[in-house]
Each structure stands twice: as C-alpha cells, then as structure tokens.
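Note sheet for the following structure.
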2 protein chains.
Amino acid sequence: MDTAKPDTTSRILDVSERLFVEHGFEGTSLRMITQQAGVNLAAVNYHFGSKDALFEAVFLRRLAPLINACLSELDTLETQPEPSVEGLVMSFIRPCLMLSKDPSRGGAIFVRLLSRTLVENHRVLRETLSQQYSLFVERYSAAFQRVLPDLDAEERAWRMHFSFSVMFNAFAGNDVLKIFTRSQVVSARDPDMIVKHLLPYVVSALVAPARI
Amino acid sequence: MDTAKPDTTSRILDVSERLFVEHGFEGTSLRMITQQAGVNLAAVNYHFGSKDALFEAVFLRRLAPLINACLSELDTLETQPEPSVEGLVMSFIRPCLMLSKDPSRGGAIFVRLLSRTLVENHRVLRETLSQQYSLFVERYSAAFQRVLPDLDAEERAWRMHFSFSVMFNAFAGNDVLKIFTRSQVVSARDPDMIVKHLLPYVVSALVAPARI
DNA sequence: GTCTATATGGGGATAGAC
DNA sequence: GTCTATCCCCATATAGAC
C-alpha cells in the first residue's frame with residue numbers, strides 16, 4: 001500500500017480544494033492552506049505563482065476529466081438508433097456519480113466547489129473555463145433536441161436548464177430546505193440514493209407533454 | 001416624489017445587500033460598504049455593532065416577510081377542500097415572484113444573496129435563521145402529504161427537495177450551464193418567463209406516478 | 001525545493017473630539 | 001450621530017540564505 005505522502009504540489013491542491021469549498025476563495029488564506037498541507041508558506045507562490053493561479057489549477061485538474069467523461073458518454077449514445085431520455089440524463093449523472101464516489105473524496109468535494117464558485121460568479125469560471133468547455137452545452141443541446149423533438153426549442157431549453165440545475169445541486173449537496181430547518185429532509189449524501197430518486201424526477205419533468 | 005435619501009441604517013443595509021451578493025461576505029469590506037453608501041467608516045459599527053451583525057440584519061429585514069407570505073398562502077390553501085399540486089407549488093412561487101419584481105430591486109437581489117449564503121454555509125443561516133423558520137418546512141411537508149398522499153414518505157420528501165431546489169435556483173438566477181458557455185441558454189432574468197416554464201416542470205415531476 | 005524574515009497593504013474595530 | 005485618527009492583526013507576496 002502506498003502510504004507515502006504525495007508531492008508538495010498535489011498536497012497543496014488537495015487541501016486547497018477542501019478549504020476553498022469550506023471557506024470560499026476570500027475566506028481561505030495561504031497560511032491555512034500551507035499549514036494544513038504541512039508545507040512551507042512560500043510553497044504556494046513557488047509552485048503556482050499566486051493564490052489566483054492556485055485556484056485555477058484546482059479546477060483545471062478535475063474539470064477536464066469530468067467534461068470528457070460526459071462527452072464520451074454522448075459519443076456512445078449517438079451510435080444508438082433510438083436514444084432514450086433516460087439514457088441522455090444518465091450520460092450526465094454517471095460521470096457525476098463517478099466523481100461523487102471518488103474514494104479519495106476529492107471528487108465529491110470538487111462538485112461542491114464547482115457549485116460554490118458558480119454562485120460566487122468567480123472570474124475563473126466566467127473567463128478561463130467557460131470558453132474552454134462551451135462544446136459541452138452544444139453537444140447536450142443537440143442531444144436533447146434528438147430525444148425531445150416534439151418540444152419547441154424554447155421549452156426544451158428551459159427544461160434542459162431546470163434539469164441540469166436540479167441534478168447539479170443534488171450532487172453538490174445543496175439543500176435549500178436547510179435554510180429553514182436544522183434537520184435535513186433528505187439524507188442527501190449517499191450518491192446512489194440521490195440517483196434513485198433524481199433520475200425519475202428529471203425524466204418525468206422532461207418527457208411531460210407540452211402544454212397547449 | 002420622495003427623492004430624499006433614506007437614513008444611514010437603510011442605506012447601509014441596501015448597499016450591503018448588493019455588495020454581499022456580488023463579492024460574498026469575506027470579499028466585502030466595511031470600507032467598500034461605507035464608501036458606496038456615502039457614510040462614515042465608523043457608521044457600521046455604530047449602528048450594527050459588527051460586520052457579522054450587519055450581515056444578520058440584512059437577512060432579518062427581508063426573510064420574515066417572505067416566510068410569512070408563504071405561510072399565509074398555505075393558510076388560504078388549507079381552507080380549500082381539494083388543494084391542487086399547482087396551488088401548492090404556486091404558494092411558494094408567488095411570494096418569490098413578488099420579491100423578484102420588487103421595484104427597488106432589493107428583493108430580487110435578496111434571493112440571490114440567500115442562495116449564495118446557503119452555498120457558503122454561513123453561520124447566520126445555520127444558526128440564527130434555521131431555528132427561527134423551521135415551521136416553514138413542517139408546514140410544507142404537511143401540505144405535500146395532503147396533495148400527494150399516494151407517494152410513500154421517502155419519495156415525497158425527495159420530490160419536495162428537488163422541487164424547492166429547482167425553484168429556488170431559478171429565482172436566484174443560478175445557471176449551471178453558464179459554467180460551460182458564455183451565452184446563457186435561457187434568458188433567466190424575466191420572472192414571469194421563469195414561472196411560465198418552471199411551474200409546469202415542477203408539477204409534472206411531482207405528480208408523476210411512483211415507479212414500482 | 002525549502003526555509004526564515006520581512007515588505008507592504010488592507011482588514012475590523014474603537015477612542016475621543018465635535 | 002458623525003467624523004478623524006489610530007490600534008492591532010492578518011493578508012499576499014518576495015528576497016535571499018540554505
């Protein structure tokens with residue numbers, strides 16, 4: 001078993017990922033990071049150049065594999081003669097599920113970080129990443145058009161928007177009802193439990209006949 | 001027309017609400033707030049005591065009216081012999097819509113702040129507010145049980161969870177797909193447009209027959 | 001690559017005059 | 001209630017020894 005501690009760069013990335021999601025970008029100091037990573041304070045600037053660049057590196061490490069897994073699922077789906085709505089939804093859920101079950105727990109944390117950074121509307125998502133992965137939305141838009149051809153484009157776009165919203169928040173573990181109650185209504189941490197209820201919910205909403 | 005500038009306390013609250021949602025709690029300094037509000041740096045500590053207390057005050061000003069509007073809608077609903085799922089969903093949407101259309105724009109900003117603070121998992125939502133408004137979840141849980149009696153409790157809780165998640169994020173203007181594309185898939189800023197598509201989406205998912 | 005020491009600036013909070 | 005001036009702490013970043 002490999003119990004040797006990873007190199008400095010990885011240790012910083014792992015700790016940063018956790019601290020950024022816990023305290024946010026502004027709320028996390030280099031002192032917290034380097035202390036918990038067991039490295040010297042100057043190490044972040046030596047290895048990454050700045051706190052901003054470190055933040056970006058945290059994303060670049062995990063986002064590409066996630067996107068590529070989704071695109072690969074879409075490739076497979078497109079070879080099928082009659083792709084189902086379930087299949088399309090699962091092409092997004094499956095990679096998220098994979099992340100959520102990451103034994104190192106880094107993946108599960110990353111989805112939360114993505115969610116938090118999205119709501120923070122941070123520069124790294126607005127600029128660096130959005131232009132890099134716009135293909136993702138194009139491919140999914142086309143795929144949704146294929147499985148839901150009877151909806152007009154506007155209604156289809158909204159259902160897609162809502163569906164990604166609920167799926168993403170489910171995996172990020174965002175529980176709106178937590179605002180109003182200490183005890184959670186659902187035990188939203190077991191990924192398989194999430195999917196068991198999430199998939200039928202989203203599919204039902206997507207395939208509902210259009211209102212007149 | 002009343003063009004007189006509001007008093008110092010209100011000005012600080014208005015500016016804080018906007019800056020907190022824009023830059024987050026940690027990313028907003030008292031210097032930014034007092035400068036934009038056109039008041040002295042010491043004013044925040046004089047009127048609110050601390051930055052933490054100011055943050056809490058920003059919430060307390062708007063959350064109580066929102067909750068009370070929802071509870072009042074539920075009261076009305078419970079006088080009806082056969083409340084519909086649409087009616088129940090609208091009992092949450094209507095007060096959110098009212099906020100989103102607040103002519104001073106403060107309300108619309110507040111929903112975003114609520115969303116951001118939820119994801120930040122800030123102390124003020126975890127401690128101060130959750131115990132104060134746990135009645136909200138109890139009332140909605142009971143109401144969902146009444147309109148969806150055929151679902152088992154677990155499935156109902158999950159559907160309720162997902163529904164609040166998608167509704168709340170819709171009003172907060174959170175667009176997951178923005179991560180991957182500069183241009184938004186939907187023009188998510190017109191509240192009426194949101195509701196026109198949101199209500200059917202949520203209702204379809206809620207009323208779908210339970211899977212075997 | 002790693003460390004210590006430090007430069008430089010901004011943060012929240014407050015004392016005390018007006 | 002409002003202002004100035006200031007305290008003290010912690011932030012990021014870097015210089016330079018090892």
Side-chain angles (χ1 to χ4, degrees), chain A residues 2 4-61 113 116-117 120 122-125 127-128, chain B residues 2 4-61 113 116-117 120-128:
Chain A
D2 184 14
K5 64 182 184 180
D7 64 5
T8 299
T9 301
S10 299
R11 303 246 304 290
I12 292 175
L13 285 172
D14 289 342
V15 170
S16 301
E17 191 167 55
R18 186 168 49 76
L19 289 178
F20 281 143
V21 71
E22 217 167 306
H23 305 105
F25 179 74
E26 311 271 4
T28 304
S29 70
L30 296 183
R31 282 177 167 81
M32 291 163 65
I33 293 170
T34 51
Q35 200 173 327
Q36 294 206 20
V39 302
N40 187 269
L41 172 58
V44 166
N45 275 287
Y46 177 80
H47 287 281
F48 298 94
S50 71
K51 189 184 174 186
D52 267 5
L54 166 63
F55 194 60
E56 211 170 297
V58 168
F59 281 93
L60 291 175
R61 179 174 63 152
L113 179 59
R116 179 165 183 160
T117 310
E120 280 181 2
H122 195 282
R123 188 188 48 75
V124 75
L125 285 191
E127 296 166 17
T128 312
Chain B
D2 184 15
K5 65 182 189 181
D7 64 4
T8 299
T9 302
S10 300
R11 303 248 302 291
I12 292 175
L13 285 173
D14 288 342
V15 169
S16 301
E17 192 167 53
R18 186 167 49 77
L19 288 179
F20 280 143
V21 71
E22 217 167 307
H23 306 105
F25 180 75
E26 311 271 4
T28 305
S29 70
L30 295 185
R31 286 173 168 82
M32 290 164 64
I33 292 170
T34 51
Q35 198 173 327
Q36 293 206 19
V39 302
N40 188 269
L41 171 60
V44 166
N45 275 288
Y46 177 79
H47 287 281
F48 297 94
S50 70
K51 188 185 175 184
D52 267 7
L54 166 63
F55 194 61
E56 209 169 300
V58 168
F59 282 93
L60 292 175
R61 179 172 66 151
L113 179 59
R116 182 168 181 156
T117 310
E120 280 180 2
N121 197 22
H122 195 280
R123 187 189 46 78
V124 76
L125 285 190
R126 269 205 326 275
E127 296 167 16
T128 312

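Numbered from 1 within each chain, the chains take letters A, B, ... in sequence-line order. Just so it is clear, the values below take in all heavy atoms, side chains as well, and ignore hydrogens, waters and symmetry mates.
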The reported gap from CG in B/N40 to OG1 in B/T8 (rounded to nearest 0.5 angstrom) is 10.0 Å
For B/T117 and B/L125, the nearest pair of non-hydrogen atoms, with its separation, is C-CD1, 3.5 Å
Residues 25-38 of chain B vs salt bridge (charged side-chain N to carboxylate O under 4.0 Å, His left out), sequence neighbours excluded, gives none
Contacts satisfying salt bridge (charged side-chain N to carboxylate O under 4.0 Å, His left out) that involve residues 34-50 of chain A (not counting sequence neighbours) are none
With sequence neighbours left out, the residues meeting side chain to side chain donor-acceptor pair (under 3.5 Å) with B/Q35 are none
Side chain to side chain donor-acceptor pair (under 3.5 Å) filter on B/D14, not counting sequence neighbours, yields B/R61
Counterpart residues, side chain to side chain contact (heavy atoms under 4.5 Å, CB included), relative to [X] (two or more places apart):
X	value
B/R126	B/N121, B/R123
A/T28	A/L19, A/F20, A/H23, A/I33
A/T9	A/D7, A/L13, A/H47, A/F48

Note: chain B reaches DNA chain C at heavy-atom distances under 4.0 Å over the stretch, first to last nt, 5' to 3', of C/dG11 to C/dT14
Sorted by number, residues from residues 21-30 of chain A placing a heavy atom under 4.0 Å from DNA chain D are A/T28, A/S29, A/L30
Would you please classify the geometry between the B/H122 ring and the B/F55 ring as parallel, tilted or perpendicular, with 30° and 60° separating the classes?
tilted
Sorted by number, residues from residues 39-52 of chain A placing a heavy atom under 4.0 Å from DNA chain C are A/N40, A/A42, A/Y46, A/H47
